[in-house]
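Values below: every heavy atom of this structure, side chains too, minus hydrogens, waters and symmetry copies. Computed from a predicted model, the values in this text were never measured in an experiment.
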Amino acid sequence: MTSDPTSGNGSQPWLHQKGEVIQEFGTVKQFPVGLSYEARMYSCQRLNKVLADTQILYGLYKKHHWLMRGATFYQLHLVLDQHAGEQLELVDTLAERVQSLGGVALGDPRHVAEITSIPRPPDGVEQVPAMLSRLLEAHEAILVDAHDWAARAAGLGDDGTNDLLVSQVIRTGERQAWFLAEHLVDTPLVRV
């Protein structure tokens with residue numbers, strides 16, 4: 001039995017709603033944040049790119065967390081999960097910055113896949129050093145872009161985007177890359 005949502009039954013959800021797009025991706029609406037349209041448009045475009053790459057990095061961390069193998073399984077399993085959580089926090093912060101500038105944050109994973117520059121990993125399980133190297137390469141790609149974009153945002157007077165990129169994206173990425181790289185150091189076994 002289907003009930004008519006206009007019949008006064010307030011507990012019936014209005015299912016299968018459709019709506020028109022009220023703001024296209026790649027546009028910015030006017031917000032009174034003291035930045036020019038050009039600065040906000042540029043920052044939103046660049047932030048959506050780092051947002052896409054960060055969402056992919058988050059996914060890589062979770063994949064490698066689940067697929068970890070070997071003698072350092074437990075330690076790496078925990079580190080990768082912690083790093084994934086930190087990347088997820090960055091995803092939310094980046095998306096909210098885009099929104100606060102009047103833009104439209106990238107959210108659909110299919111759209112993320114179209115925009116990211118991070119290469120797709122194999123569907124199967126790689127050896128541990130290859131998984132860690134893949135994470136390091138993704139970090140470096142994000143860090144190179146973030147350094148460039150932070151400087152350009154500062155030049156446009158967008159201190160908020162500059163601060164986000166420097167204090168959160170860059171600092172988090174550099175720390176995480178350091179932790180991963182130290183796991184790839186060849187340490188000799190000490191025999192007693």
Side-chain angles (χ1 to χ4, degrees), residues 25 42-70 72-101 103-154 158-185:
F25 180 80
Y42 181 80
S43 289
C44 286
Q45 289 170 342
R46 301 301 293 261
L47 285 167
N48 267 320
K49 172 65 171 67
V50 77
L51 175 59
D53 290 345
T54 302
Q55 288 183 59
I56 295 299
L57 180 57
Y58 164 75
L60 284 175
Y61 265 115
K62 289 307 285 188
K63 176 183 181 183
H64 297 331
H65 158 78
W66 296 320
L67 302 180
M68 192 46 54
R69 305 279 200 272
T72 59
F73 163 80
Y74 185 70
Q75 295 86 351
L76 282 172
H77 183 75
L78 294 178
V79 166
L80 297 184
D81 199 38
Q82 177 185 345
H83 285 194
E86 293 167 354
Q87 289 299 316
L88 188 57
E89 287 180 27
L90 285 176
V91 166
D92 194 53
T93 303
L94 288 162
E96 287 176 354
R97 180 66 186 165
V98 171
Q99 293 300 126
S100 74
L101 293 171
V104 177
L106 180 67
D108 187 318
R110 295 163 293 193
H111 196 185
V112 168
E114 293 170 5
I115 291 176
T116 188
S117 60
I118 308 298
R120 181 179 176 164
D123 291 334
V125 179
E126 294 178 283
Q127 295 174 333
V128 172
M131 287 190 269
L132 297 179
S133 291
R134 184 173 301 286
L135 290 167
L136 283 169
E137 289 164 9
H139 271 295
E140 187 170 31
I142 292 168
L143 288 167
V144 165
D145 288 342
H147 282 288
D148 177 57
W149 300 343
R152 291 179 190 238
D158 186 354
D159 298 324
T161 296
N162 170 276
D163 178 60
L164 166 61
L165 291 169
V166 172
S167 68
Q168 295 183 50
V169 174
I170 292 172
R171 286 193 182 142
T172 299
E174 287 175 346
R175 183 180 47 75
Q176 289 183 348
W178 168 46
F179 276 47
L180 294 175
E182 292 298 339
H183 280 278
L184 291 173
V185 172

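Met131 is listed as a side-chain neighbour of Met68, based on a closest heavy-atom distance under 4.5 Å. Leu47 places none of its side-chain heavy atoms less than 4.5 Å from the side chain of Leu106. At least one side-chain heavy atom of Phe25 sits under 4.5 Å from a side-chain heavy atom of Asn48. Between Leu90 and Glu86 the shortest side-chain heavy-atom distance does not fall below 4.5 Å. Between Thr172 and Arg175, some side-chain heavy-atom pair lies under the 4.5 Å cut-off.
At most 12 non-hydrogen atoms from other residues, nucleotides or ligands lie less than 6.0 angstrom from CD of Glu140.
The line from CG of Leu78 to OG1 of Thr72 is 11.0 Å long, rounded to the nearest 0.5 Å. One finds the CG atom of Leu165 at 10.5 Å from the CG atom of Leu143 (value rounded to the nearest 0.5 Å). Atom NE2 of His183 sits about 10.5 Å away from atom CH2 of Trp178, to the nearest 0.5 Å. Remark: Asp158 CG to Ser43 OG distance equals 3.5 Å, nearest 0.5 Å. Here the CG-OH distance, from Leu180 to Tyr61, works out to 4.0 Å after rounding to the nearest 0.5 Å. The structure places CG of Leu132 at 11.5 Å from CZ of Arg134, a figure rounded to the nearest 0.5 Å.
Closest approach of Ala150 and Asn162 over heavy atoms only: O-ND2, 2.8 Å. Here the closest non-hydrogen pair linking Ala105 and Gln99 is N-OE1, 2.7 Å. Taking all atoms of both residues into account, the shortest heavy-atom contact from Leu136 to Ala177 is CD2-O, 3.3 Å. Residues Lys62 and Ala84 approach most closely at CD-CB, 3.5 Å, considering heavy atoms. Counting all heavy atoms, side chain and backbone alike, Ile115 lies closest to Ala52 at CG2-CB, 3.8 Å. Contact detail for Gly124 and Leu67: the closest heavy-atom pair is O-CD1, 4.2 Å.
The backbone N or O of Leu57 lies less than 3.5 Å from no partner atom in the side chain of Gln87, so there is not a single donor-acceptor pair. Of the possible donor and acceptor atoms, one in the side chain of Asp53 sits under 3.5 Å from a partner among the backbone N and O of Ser117.
Considering Leu88, Val112, Val50, Ile118 in turn, Val112 is the only one that fulfils the side chain to side chain contact (heavy atoms under 4.5 Å, CB included) rule with Gln55.
Using a cut-off of 4.0 Å between Lys/Arg side-chain N and Asp/Glu carboxylate O, Arg97 and Asp163 are scored as not salt-bridged.
Under the 30°/60° scheme for interplanar angles, the aromatic rings of His77 and His65 are found to lie parallel.
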